[in-house]
Amino acid sequence: MIRHSPFRVGIAVAATAVALSGCATFTDTDVVAETADATITNDDFEPLANEYFANPEVFGTAPIEDGRANAEQSRILLGVMVRQMLINQFLDENDVDATEIRQTYKDTAFTGTPVANVSDDMQNLIADIEEQPRNEALSLTEPPPAEQLRTLYADVPASTGVTCVRHILLDTEAEADDVLVELADGADFATLAVERSTDPTAADNGGAIANVDNECVPLQTVLQGFDPGFAAGALAGTEGVASGPYESSFGWHVIMHRPWDEVSDSIVQLHQPGESGIYLFDGFAATTDVAVNPRFGTWDPLTATVLPIG
C-alpha cells in the first residue's frame with residue numbers, strides 16, 4: 001500500500017472544468033507547463049485530470065462544484081506532473097533507462113490495491129515520482145569527473161546539488177547593505193562574518209554552512225530544512241561573489257558560494273557512485289527554468305510545487 005503518495009492529499013480536477021485565476025501572458029495556450037526541452041500540453045494534462053475526478057475512491061478527490069475544479073488540487077496535480085517531467089528529462093539526458101525499475105515497482109507496490117485499476121499513464125506518473133524507484137533510477141547516473149563538476153559550479157553552484165556557502169546574518173537590511181559594500185571594496189568574507197554576523201556559530205566557522213565531515217551540505221537539506229529566505233539565497237548567486245540581502249525569520253543574510261578551490265574536494269567526495277545522480281537531479285530540478293501557464297499559477301523551485309499567482 002502506498003501510504004505517502006502525494007496523490008492521496010486530494011486532487012479533484014477535471015480539465016474541461018478547471019477555472020483558475022491568472023492574468024499573465026503565456027506564449028502557447030495549448031501548453032500547461034514547459035522547460036526549454038520538455039512540455040506538458042493540455043492533451044497530457046486533461047486525461048489524467050479527468051481520471052482524478054472520476055476516481056474519488058482511489059485518490060480522495062473532492063467533488064467538482066458548479067462546474068469548477070478546486071484550484072489548489074489542480075495545482076497539486078500539475079506540480080506532480082512537472083516533477084515527473086523533470087525526472088524523465090534528467091534521466092534521458094544522462095542515458096538512464098528506468099523502464100524496468102518503474103515496472104518492477106508497479107508490479108510490487110500496486111498489485112492488489114486500487115491503484116492497479118487506474119490507467120497505465122496514471123500508474124507511471126505515481127511510480128515516477130515515488131522516492132524509492134526514483135532514487136533507484138537516479139543512482140544509475142555516472143558521477144561526473146571533477147572538471148565537469150567544476151564547470152557546473154562555476155555556472156550555477158546549486159546545479160551540483162550541494163551547497164557550499166558562507167553567510168553573514170544581520171539584524172537589519174541596512175546593516176546587510178553596508179556589509180555588501182565592504183565586501184565589494186575587498187573585505188574578506190570570513191573575517192566579516194566573525195566580526196559582524198549575529199549567527200553565534202560564525203565566530204568559529206567564518207559563517208560557513210557545513211556538515212561535521214564535509215564543507216558542503218546537500219541542496220535538499222537546505223531547501224527542506226532551512227528558512228525559505230535563506231534557501232532562496234542559496235539557489236541564487238555565483239561562485240565567490242557575495243549576494244543579497246535575503247530576508248529570513250532570523251534577520252538579513254549576505255551569502256557567498258565559496259570558491260571552488262576551497263570546496264572542490266568536498267563536492268567530489270559527495271558525488272560518489274550511487275549518490276551522485278540524486279544530488280545532480282536535485283540541482284537540475286531546482287535550477288531549471290519551468291514556465292507554468294498562469295491559469296494554474298507559477299512554479300516554485302524551493303518547494304517543487306505550483307503556487308497561486310499573487
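All residue numbers refer to positions in the sequence shown, counting from 1.
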I'd like to know if the side chain of [X] and the backbone of [Y] have a donor-acceptor N/O pair within less than 3.5 Å.
X	Y	value
Asn55	Glu57	no
Glu51	Met122	no
Asn211	Asn214	no
Asp155	Thr151	no
Ser159	Val156	yes
Ser139	Glu136	yes
Glu175	Asp171	yes
Thr238	Val241	no
Asp199	Thr201	yes

Please determine, by modelled atom types, if Asp97 and Thr99 share a side-chain donor-acceptor pair under 3.5 angstrom.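 On atom types as modelled, these side chains qualify, holding a pair under 3.5 Å.
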Roughly how far, to the nearest 0.5 Å, is [atom2] of [Y] from [atom1] of [X]?
X	Y	atom1	atom2	result
Ser74	Arg295	OG	CZ	9.0 Å
Thr160	Leu270	OG1	CG	9.0 Å
Asp185	Glu182	CG	CD	8.0 Å
Leu77	Phe296	CG	CZ	8.5 Å
Leu280	Glu142	CG	CD	11.5 Å
Glu93	Asp37	CD	CG	6.0 Å

Please identify each residue that fulfils ring pair (Phe, Tyr, Trp, His ring centres under 6.0 Å) with Tyr279, with sequence neighbours left out.
->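 Listed in chain order: His271.
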Inset, instruction - Could you pull out all residues at least two apart from Phe284 that satisfy ring pair (Phe, Tyr, Trp, His ring centres under 6.0 Å)? - result: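 If we apply the ring pair (Phe, Tyr, Trp, His ring centres under 6.0 Å) test to Phe284, skipping adjacent residues, the hits are Phe90.
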Minimum heavy-atom separation for [X] to [Y], with atom names?
X	Y	answer
Ala242	Leu180	CB-CD2, 4.0 Å
Pro245	Glu173	CG-CG, 3.8 Å
Ala187	Leu183	O-CD2, 3.6 Å
Ser276	Pro143	OG-CA, 3.5 Å
Asp44	Met81	O-CE, 3.8 Å
Arg83	Trp299	CG-CH2, 4.0 Å

Given side chain to side chain donor-acceptor pair (under 3.5 Å), test Thr39 with Thr41 step by step and report yes or no.
-> CA-CA 6 Å; Thr39 301; Thr41 67; over 6 Å; no
Applying side chain to side chain donor-acceptor pair (under 3.5 Å), run through Thr104 and Asp107 and close with a yes or a no.
-> CA-CA 5 Å; Thr104 299; Asp107 292 342; 5.7 Å; no
Exercise for the section: Any chance you could lay out the side chain to side chain contact (heavy atoms under 4.5 Å, CB included) test for Leu140 and Ile101, step after step, and finish with the verdict? Expected result: CA-CA 11 Å; Leu140 299 178; Ile101 292 172; 3.9 Å; yes
Suppose we screen for side chain to side chain contact (heavy atoms under 4.5 Å, CB included). Which residues come up paired with Val268, at least two apart in sequence or across chains?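 Checked Val268 against side chain to side chain contact (heavy atoms under 4.5 Å, CB included); matches are Ala146, Leu149.
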Check step by step if side chain to side chain contact (heavy atoms under 4.5 Å, CB included) holds for Leu48 and Asp121. CA-CA 8 Å; Leu48 293 176; Asp121 284 344; 4.1 Å; yes
* To do: Tell me, with the steps shown, if Asp227 and Ser249 meet side chain to side chain donor-acceptor pair (under 3.5 Å).
  => CA-CA 7 Å; Asp227 187 281; Ser249 58; 2.7 Å; yes
Measuring only between side-chain heavy atoms, which start at C-beta, is [X] closer than 4.5 Å to [Y]?
X	Y	value
Asn135	Phe281	no
Ser243	Met256	no
His257	Cys164	no
Thr221	Pro218	yes
Leu235	Leu223	yes
Val118	Phe59	yes
Leu86	Thr288	yes
Val254	Phe189	yes

Tyr246: which other cluster members, linking ILVMFWY side chains closer than 4.5 Å, directly or transitively?
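Val165, Ile209, Val217, Val222, Phe226, Phe230, Ile255, which link up through side-chain heavy atoms under 4.5 Å apart, make up the rest of the cluster.
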Sidechain N-carboxylate O distance under 4.0 Å for Arg75, Glu72: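 Here Arg75 pairs with Glu72 in a salt bridge, since their nearest N and O are under 4.0 Å apart.
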- Task: Would you mind checking if Asp128 and Arg134 are paired as a salt bridge, meaning a charged N to carboxylate O distance below 4.0 Å?
- Result: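 No salt bridge links Arg134 with Asp128.
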Taking side-chain hydrogen bond (donor to acceptor under 3.5 Å, both in side chains) as the definition, give me every residue that meets it alongside Gln220, ordered by chain and number, with sequence neighbours left out.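 By the side-chain hydrogen bond (donor to acceptor under 3.5 Å, both in side chains) rule, Gln220 matches Gln224.
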Please determine whether residues [X] and [Y] belong to a single hydrophobic cluster, defined as Ile, Leu, Val, Met, Phe, Trp and Tyr linked transitively by side-chain heavy-atom distances below 4.5 Å.
X	Y	answer
Leu219	Ile278	no
Val290	Leu91	yes
Val82	Leu307	no
Ile168	Val194	no
Phe110	Val58	yes

Under the side chain to side chain contact (heavy atoms under 4.5 Å, CB included) criterion, do Lys106 and Asn124 qualify, and how do the steps go? CA-CA 8 Å; Lys106 289 163 60 177; Asn124 290 343; 2.8 Å; yes
Should the ring pair Trp260 and Tyr153 be called parallel, tilted or perpendicular, given that the plane angle runs from 0 to 90° and is split at 30 and 60?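 Ring orientation, 0 to 90° scale: tilted.
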#### Entry: Val306 and its side chain to side chain contact (heavy atoms under 4.5 Å, CB included) partner, picked from Ile76, Val80, Val32, Leu78
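With Val306 as partner, Ile76, Val80, Val32, Leu78 yield a single side chain to side chain contact (heavy atoms under 4.5 Å, CB included), made by Leu78.
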Would you sort out whether Leu169 and Phe250 count as a side chain to side chain contact (heavy atoms under 4.5 Å, CB included), showing the intermediate values?
CA-CA 8 Å; Leu169 178 61; Phe250 300 99; 4.1 Å; yes
Practice prompt. Sorted by first residue and then second, give each salt bridge (Lys or Arg N to Asp or Glu O under 4.0 Å) pair with at least one member in residues 249-277; sequence neighbours left out.
Written response: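 Those involving residues 249-277 are Arg166-Glu262, Glu215-Arg258, Arg258-Glu262.
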Is atom CD of Gln272 surrounded by more than 12 heavy atoms (other residues, nucleotides or ligands) closer than 6.0 Å?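 Enclosed.
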